[in-house]
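In each ligand, atom 1 is the first atom listed, and ligand 1 is the first ligand listed. We use all heavy atoms of the structure for the numbers below, so side chains are in, but hydrogens, waters and symmetry mates are not. The model shown is predicted, which means the values in this text are computed figures rather than measured ones.
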Amino acid sequence: MSALLIFDEEGRLLEKVEDPQEIAERLSDINVLFERWEPSAPLNEDAGEEEVLDAFRDQINRLMIRFGFQSCDVVALTPDNPKKEELRNKFLDEHTHSDFEVRYFVYGDGVFYLHPNDKVYVVHCEGGDLISVPPNTPHWFDMGESPNFKCIRLFTTPEGWVANYTGSDIAKKFPKYEGIVSLD
Ligand SMILES: [Fe+2]
């Protein structure tokens, strides 16, 4: 189930929110968009990029107009990917980027750790969830040891997603994907 876990900077759990509407409200306080989307037609897990984008065309267009996104694509990762460890490690340290990062989980899941102030907002996203990371907000992401997801990504600039690592080791104080999933 989708969940928001709020921690202090030492990794102590302060609060847990499970109702999607309440998750959206709590995240909007830190400028993060959280929405639940339904496809306009049923989708199989093996649906191609165009079919996936078509099924969410209205929602994508709404965000493109609202935020000025220039492009979108679909990425998928499965547990048999030989580069899964390398890919996982890339996002495990706290970083920022100038792009407004937006991800919609068509299926599967992943854990976002957002660090906009003196708290860390950990969001376990699952199929049907959309989340944004505002520009320049410190964050990290864990897809787990056996990543399994398909996501729609929206971009404002082709190079905006390049990660600037903050050099902080705060991520090490927090449970990884497996630990978070077991908490919610
Ligand atoms: Fe990121």
Worksheet item: Is the centre of the Phe141 ring less than 6.0 Å from the centre of the Tyr113 ring?
Response: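 So the answer is no for these two rings.
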Discussion item. Taking the six-membered ring for Trp, are Tyr121 and Phe7 closer than 6.0 Å centroid to centroid?
Written reply: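 They do not qualify: ring centres at least 6.0 Å apart.
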Item to complete: Write out all pairs satisfying ring-ring contact (aromatic ring centres under 6.0 Å, His included) with one or both partners inside residues 74-96, taking only residues at least two apart or from two chains.
Response: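 Those involving residues 74-96 are His95-His97, His95-His139, His95-Tyr165.
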Item to complete: Output, by chain and residue number, all protein N/O/S atoms separated from the Fe ion (ligand 1) by less than 2.8 Å.
Response: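 Within the sphere that stays under 2.8 Å of the Fe ion (ligand 1), the protein atoms of type N, O or S are His95 NE2, His97 NE2, Glu101 OE1, His139 NE2.
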Worksheet entry | salt bridge (charged side-chain N to carboxylate O under 4.0 Å, His left out) partners for Lys90, two or more places apart |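 Result, salt bridge (charged side-chain N to carboxylate O under 4.0 Å, His left out) vs Lys90: none returned.
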Fill in: The single option from Tyr104, Phe34, Phe105, Phe56 passing side-chain contact (heavy atoms from CB on, under 4.5 Å) against Leu130
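Only match with Leu130 under side-chain contact (heavy atoms from CB on, under 4.5 Å): Tyr104.
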Only pairs under 3.5 Å count here: list side-chain donor-acceptor contacts from residues 37-48, not counting sequence neighbours, and write none if there are none.
unit_1 : atom_1 : unit_2 : atom_2 : d
Trp37  : NE1    : Glu35  : OE1    : 2.7
Ser40  : OG     : Ala55  : O      : 3.2

